[in-house]
Amino acid sequence: MTAQILSGKAIAAEIKAELKDRVDALGGLGVHPKMATLQVGDDPASVAYVNGKHRDAEELGIESVRVDLPSGASTADVRKAIEDFNSARDITGFIIQLPLPVGHNEEAMLELMDPGKDADGLHPFNLGKLVLGVSGQLETPLPATPHGVVQMAQRSGIELAGKHVAVVGRGLTVGRPLGLLLTRRGVDATVVLAHSQTRDLVATVREADVVVAATGRPGLVTADMVKPGAAVFDVGITRGPVGPNGKAKLVGDVDPGVAEVAGYLSPVPGGVGLMTRVMLLHNIVTAAERSTR
Ligand SMILES: Nc1nc2c(c(=O)[nH]1)N[C@@H](CN(C=O)c1ccc(C(=O)N[C@@H](CCC(=O)O)C(=O)O)cc1)CN2
C-alpha cells in the first residue's frame, strides 16, 4: 500500500477562499479584522512561522502588525507588549509566538492576554471552555493546530467518529487540546494520549486507526508501528542545518517508510503546519464577526 499524501496547501487554500468571502462581507459592514503577533527572540523556526502568518493574513486582505522583541527582553517588556495589544481598539486578536526564550513564564504571559483577543485559544479561560464544551456549542477560539488536524481529516473524508486515535505528545499547543477536540460530540473519536512515559508506545500506536505525531522527535513513528491503512498526521517539525540553498531541511516525527503502510499521510513540510496558519486566521475572522453581533 502507498499512502495518499494529504496536501495542507490545497486544503488551506480551500479554507482561505471561504475566509476571504467572510472578510469581504465584514468589509461591507465597515468591520476590518486586524491580527497582531508578538515574537520574542530570533529562533529561526518562530521567525519562519510568524512570517508565514503575516503572509497569509495579507493574502486574505487582513491587516496585521507585529512586535518583535530581542531575546534579552525582560518580563516587563513582554507584559507591556501584551497590555498594548489588549488595549488597542483596532486589534481583533493576537498571538504570542511560542516558545518564549528560556526564563520567561509562558503560562503567566498567556494569562495576561484578554481572552476575547486570544487568537490561539491558549488563554486558560478559552482552554477551560474547551474542557467544558463537550458538545462543541461554546463559541471560543480553538487552538490552531488541533483544529487544523480535525479540519484536514474531515475535509479529506477521513472518518473520525468511533475511530481509535493515538495522539503522541502531550504539549500545550497540540496534544492536550487535540485530545479534547477529538472527543467532542460530533467528532466522536476515542483517544489515547501517549507521551514519553507511555509503556508500550509501539503497541499503542499500532492499534490506532488514526495517528497524530506531535513530539518533535524526528522519525519516532516508524512503519512497523502503523496499522496498514491508518491515517497518519505528522505534526512535529525539526529543522536540520541550513543547506547549500540557504534553507533548513525540515524533518517530521514520522519516518518516510510509513508512506508504504499508511492509507493517508499528512507530511512535513506541506501538511498540518499550513493548516495551523489558516486556522489562526479563522479565529481572527470569527472574532471580528462576533463583534458585529
Ligand atoms: N502561539 C503559538 N505558537 C506556536 C504554535 C501555535 O499554534 N501558536 N504552534 C507551533 C508552531 N506553529 C505555529 O506557530 C507553526 C508550525 C508550522 C507552520 C508552517 O507553516 N509549517 C510549514 C513549514 C514552514 C517553514 O518552516 O518553512 C510546513 O509544515 O509546511 C506554521 C506555524 C509552535 N508555536
Side-chain angles (χ1 to χ4, degrees), residues 5-13 15-16 35-57 59 64 66-69 78 81-82 85 93-101 104 106-107 109-113 117-123 126-127 130 141-152 169 171-178 181 212-216 218 233-243 245-254 265-284:
I5 304 299
L6 303 174
S7 167
K9 191 172 176 191
I11 300 169
I15 298 173
K16 277 183 193 167
M35 176 187 85
T37 61
L38 170 60
Q39 191 192 329
V40 186
D42 54 2
D43 169 60
S46 293
V47 171
Y49 303 153
V50 172
N51 287 345
K53 290 173 185 187
H54 286 275
R55 266 199 314 275
D56 285 356
E59 201 182 318
S64 69
R66 58 192 294 164
V67 169
D68 296 327
L69 297 178
V78 178
I82 295 168
F85 284 161
F94 68 98
I95 61 124
I96 303 170
Q97 186 63 32
L98 302 175
L100 290 173
H104 290 278
E106 289 179 352
E107 284 173 26
M109 294 303 110
L110 288 169
E111 208 166 334
L112 287 176
M113 299 175 88
K117 287 193 173 187
D118 164 28
D120 256 338
L122 295 177
H123 184 282
N126 291 321
L127 287 172
L130 178 57
L142 295 173
T145 305
H147 197 188
V149 170
V150 171
Q151 283 289 320
M152 203 175 193
L172 168 73
T173 54
V174 190
R176 299 181 87 75
L178 181 57
L181 197 48
V212 182
T215 65
F233 293 83
D234 194 353
V235 181
I237 305 182
T238 303
R239 298 181 105 71
V242 175
N245 61 356
K247 290 187 176 170
K249 183 172 160 52
L250 305 183
V251 185
D253 288 359
V254 175
L265 176 62
S266 170
V268 167
V272 173
L274 306 175
M275 296 297 294
T276 297
R277 281 164 29 188
V278 81
M279 297 326 294
L280 163 65
L281 293 176
H282 164 89
N283 285 343
I284 298 278

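As the structure lists them, so they are numbered: ligands from 1, and atoms in each ligand from 1.
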Pairs of nitrogen or oxygen atoms closer than 3.5 Å, one from Arg277 and one from ligand 1: do any exist?
yes
Main chain of Pro141, side chain of Asn283: is a donor-acceptor contact present, judged purely on distance under 3.5 Å?
no
Which residue and atom name correspond to the protein heavy atom nearest atom 1 (N) of ligand 1, and how close is it?
Asp120 OD2, 2.6 Å
Any nitrogen or oxygen of Ile96 lying under 3.5 Å from a nitrogen or oxygen in ligand 1? Just yes or no.
yes
Does some non-hydrogen atom of Lys9 fall short of 4.0 Å from ligand 1?
no
Got the closest protein heavy atom to atom 25 (C) of ligand 1, with its distance?
Leu250 CD1, 3.7 Å
With a cutoff of 4.0 Å, is Thr276 in contact with ligand 1, counting heavy atoms of the residue only?
yes
Go through the structure and list residues passing salt bridge (charged side-chain N to carboxylate O under 4.0 Å, His left out) with Glu59, not counting sequence neighbours.
Lys16
Return the option from Thr145, Val278, Leu98 holding the heavy atom at the smallest distance from atom 33 (C) of ligand 1.
Leu98
So is Lys53 close enough to ligand 1, meaning a heavy atom under 4.0 angstrom away?
yes
Closest protein heavy atom (residue, atom, distance) for atom 21 (N) of ligand 1:
Gly273 CA, 3.6 Å
Among all protein heavy atoms, pick the one closest to atom 22 (C) of ligand 1 and tell me residue, atom and distance.
Leu274 CD2, 4.1 Å
Please classify the Val272 to ligand 1 contact at 4.0 Å (heavy-atom distances, strictly less than): side chain, backbone, both or neither.
neither
Protein contact of atom 29 (O) of ligand 1 - nearest heavy atom, named by residue and atom, plus distance
Ile237 CD1, 3.6 Å
Does the N or O separation between Gly270 and ligand 1 drop below 3.5 Å for any pair?
yes
Would you say the side-chain atoms of Asp253 pair up with the backbone N or O of Thr215, donor to acceptor, closer than 3.5 Å?
yes
My understanding is that only residues two or more places apart in sequence, or in another chain, count here; which of them pass side-chain hydrogen bond (donor to acceptor under 3.5 Å, both in side chains) with Asn126?
Asp118
Where is the nearest protein heavy atom to atom 5 (C) of ligand 1: which residue, which atom, and how far?
Thr173 CG2, 4.0 Å
